[in-house]
Structures are given as structure tokens and as C-alpha cells.
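All remarks here apply to the structure that follows.
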Amino acid sequence: MRVFDSTADMKRWAWEHRLEGKSIGLVPTMGYLHEGHISLVRRARAENDLVVVSLFVNPTQFGPGEDLERYPRDPEGDERKCAEAGANVLYMPTAAQLYPPGFQTYVEVDKVSRPLCGASRPGHFRGVATIVLKLFSIVQPSAAYFGRKDHQQLQVITTMVRDLDLNIRIVPCETIREKDGLAMSSRNAYLASHERRQAVCLYQALLEARRLFNDGERSAERYLRAMRERVEQEPDARIDYVSLVDPETLEDLQEVQDRAVAALAVKIGSTRLIDNMLLEGRT
Ligand code: PAF
């Protein structure tokens with residue numbers, strides 16, 4: 001596996017291989033890789049000639065007072081995991097390269113960036129869309145792989161690709177969970193053991209929503225109440241939002257018909273966690 005910290009080297013490698021007609025699968029990450037990331041690398045491996053993993057803790061998607069400085073980092077461990085999973089390139093640029101003095105161009109994906117995490121993290125999706133578009137132009141992938149745990153991020157990127165006519169296939173990949181159901185996330189590393197036990201409430205709240213959906217419940221208010229009640233059982237849990245939204249537009253639903261996304265963001269102590277579940281195909 002090649003490791004590039006220079007954007008010029010990354011671009012040269014990408015152009016040489018695209019000219020040879022090779023397909024490149026890109027897995028964008030902020031590092032501290034877990035099994036969820038590795039599942040994306042394996043999927044990219046299976047569907048492309050070559051796989052690039054990018055590792056960049058992107059400052060423009062963190063707001064003031066968020067965890068940019070203390071975001072967990074383990075570049076050596078990440079390098080080993082990428083090599084084992086079969087990546088061809090690990091691209092680890094510096095912030096100075098990607099945001100040099102004078103940088104002033106940002107991507108705004110308007111409506112889908114506003115609700116849910118967009119409401120509590122203003123500017124977050126502008127930072128995400130900007131860095132993802134930059135990674136797309138540097139790496140020239142034919143496909144890019146993102147986890148469904150960040151459903152809103154996936155919608156923002158899918159909308160950007162559609163609106164800007166980018167010739168890239170966005171591949172949504174299933175959320176990978178711990179044994180008790182907690183969605184894997186680099187931020188789980190912040191949780192103290194008593195918080196880790198409580199963090200399962202996000203998944204259990206989503207299972208409540210799934211149960212109501214399977215029972216044919218239509219009233220969104222009932223779903224929201226059941227989810228909130230489950231989260232509020234935990235002493236260190238503080239709800240940021242609990243929502244039931246249209247999977248594509250992310251607009252709030254009053255009535256649940258055939259498809260919905262139940263989504264929530266909860267602070268466990270000082271750690272903000274998110275999770276969601278697509279409700280479709282009643283069982
Ligand atoms: O999901 C993430 O890890 C980040 O938001 C991404 C897509 C790598 C952009 O920085």
C-alpha cells in the first residue's frame with residue numbers, strides 16, 4: 001500500500017491510473033478506523049480495481065467548542081488496518097495543503113443540510129460537502145463509499161453529486177454495530193464505561209420505532225414519544241433531537257406511510273452520538 005501525504009502525489013497517482021482505465025473506489029474517513037470503516041474498504045475493494053482511503057480530520061466541519069482538537073487519532077494503527085483490508089493508497093493530507101491561505105470557496109447543499117444535525121451544528125454540512133468535493137477532484141473516484149449511520153451526510157453528498165452532475169456513484173453501506181447494537185463510531189472512544197452502558201439507548205429507541213412501524217402505527221407523535229421515553233431512562237442522556245423524517249427530503253413527517261427514517265442525536269455525558277434507522281417493508 002502506498003501512503004501519500006502530498007496532494008500532488010495523490011493527484012498524479014490518480015490521473016495515471018484513471019488514464020490506464022482503472023476504476024478507483026474512495027473511502028473518505030477522519031481516521032481512528034473501526035470495523036465500520038473497514039467494511040467500506042472491503043466493499044470498495046470488491047467493486048473497483050483500486051481503493052483509496054483518505055484520512056483527514058476536516059477542520060471546516062467542526063464548530064467552535066466542538067471536539068476538533070481532541071478527535072481521536074491513531075495514524076499508525078489506521079495504516080496497518082487499511083493495508084490489511086486491501087487498500088492500495090492511504091491519503092493523509094495536512095490542513096495547510098487542503099486549506100491554504102486565501103482559501104474561500106465552499107459548497108452549500110441547501111435544504112437537506114438544514115434540519116437534524118444541521119440545526120444543532122451550523123456550518124457542519126458546508127464543511128462536509130466542501131471537503132468531499134475536494135477529495136473527489138483530487139482522487140477522481142468512480143465510486144465513493146459512506147456509512148448509513150450518517151444518513152443526513154449521505155443525503156447531502158448524494159444531492160451534491162446530483163446537482164453538480166458529478167460522475168461518481170455514491171454507495172451507501174450498512175451501519176456496523178457492536179454486539180449490544182451501539183452503532184460503531186470513532187467518538188465511542190470518548191465514553192466512560194458507565195456512559196458506554198447507557199449509550200445503547202439510541203439503538204433501543206430505534207428498535208421501539210421499528211416495533212411501532214411493524215405494528216402499523218401511523219402517528220409520528222407516538223414514535224417520537226416512545227423514542228424519547230427510552231432515551232430519558234438513562235441518567236446521563238440528553239436529547240439533542242429525536243425525529244421522524246422523509247428519507248430523501250429529511251422533512252418532518254406527521255404521518256408514517258411506507259417509508260420513514262427515525263433519527264436521533266443524544267449527548268451521553270459530553271459525547272454527542274447519532275444513529276438512525278430506515279423504516280420500510282413492514283415485517
Ligand atoms: O464521515 C466522516 O468521517 C466525514 O464527515 C467525512 C465524510 C470523511 C468528511 O470529512
Side-chain angles (χ1 to χ4, degrees), residues 4 7 10 24-41 43-44 51-63 66-75 77-78 81-82 85 87 89-95 97-99 103 105-109 112-113 116-118 120-139 141 143-161 164 166 168-176 183-190 263 265 271-276:
F4 295 132
T7 294
M10 180 70 250
I24 299 175
L26 171 65
V27 180
T29 82
M30 298 206 300
Y32 210 68
L33 303 181
H34 50 66
E35 198 43 46
H37 297 111
I38 300 305
S39 71
L40 306 182
V41 179
R43 173 96 183 257
V51 176
V52 175
V53 178
S54 65
L55 191 172
F56 179 62
V57 183
N58 173 37
T60 64
Q61 69 189 75
F62 289 79
E66 290 189 352
D67 56 344
L68 172 62
E69 307 307 332
R70 68 181 193 115
Y71 196 83
R73 287 167 168 87
D74 177 20
D78 290 344
K81 288 176 193 168
C82 286
V89 171
L90 176 59
Y91 169 50
M92 303 172 35
T94 58
Q97 279 181 72
L98 292 187
Y99 297 111
F103 183 92
T105 306
Y106 294 90
V107 182
E108 291 272 5
V109 183
V112 289
S113 294
L116 307 175
C117 291
S120 37
R121 303 186 69 189
H124 170 66
F125 289 114
R126 178 191 198 241
V128 169
T130 302
I131 192 64
V132 169
L133 184 60
K134 280 174 71 72
L135 292 169
F136 286 174
S137 33
I138 293 164
V139 177
Y145 295 77
F146 296 90
R148 286 192 193 273
K149 187 188 72 104
D150 300 290
H151 178 78
Q152 187 172 16
Q153 170 169 284
L154 203 46
Q155 284 311 115
V156 166
I157 292 165
T158 308
T159 305
M160 173 180 80
V161 165
L164 299 183
L166 305 179
I168 297 170
R169 187 167 60 94
I170 300 301
V171 184
C173 300
E174 287 316 309
T175 302
I176 305 294
M184 289 198 184
S185 160
S186 307
R187 288 191 168 100
N188 293 350
Y190 296 145
T271 305
R272 186 177 179 280
L273 301 177
I274 59 171
D275 202 350
N276 72 82

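In each ligand, atom 1 is the first atom listed, and ligand 1 is the first ligand listed. This structure is a prediction, so every number in the text was calculated from the model and none was measured. Any value given below was found using the heavy atoms of this structure, including those in side chains, with hydrogens, waters and symmetry copies removed.
Side-chain contact between Leu135 and Phe56 is absent, with no heavy atoms from C-beta onward closer than 4.5 Å. In this structure, Val51 and Tyr145 have side chains that are not in contact, with every pair of non-hydrogen atoms separated by 4.5 Å or more. Side-chain atoms of Ile274 and Cys117, non-hydrogen and from C-beta on, do get closer than 4.5 Å to each other. Considering only heavy atoms from C-beta on, Ser185 comes within 4.5 Å of Lys149 through its side chain.
Minimum interatomic distance between Arg43 and Pro172 (heavy atoms only, all atoms of both residues): NH1-O, 3.8 Å. Residues Pro75 and Met92 approach most closely at CB-CE, 3.9 Å, considering heavy atoms.
Within the listing of ligand 1, atoms 8 (C) sit less than 4.0 angstrom from a heavy atom of Thr29. Atoms of ligand 1 lying under 4.0 Å from at least one heavy atom of Gln153, given by number and element, are 1 (O), 2 (C), 4 (C), 5 (O), 7 (C). Those atoms of ligand 1 with a heavy atom of Pro28 less than 4.0 angstrom away are 8 (C). When each atom of ligand 1 is checked for a heavy atom of Ile131 under 4.0 Å away, the hits are 9 (C), 10 (O).
Residue Gln61 places at least one N or O, backbone or side chain, under 3.5 Å from an N or O of ligand 1. Not one N or O of Asp150 is nearer than 3.5 Å to an N or O of ligand 1, by distance alone.
Annotation: atom 3 (O) of ligand 1 to nearest protein heavy atom, Met30 CG, 3.6 Å.
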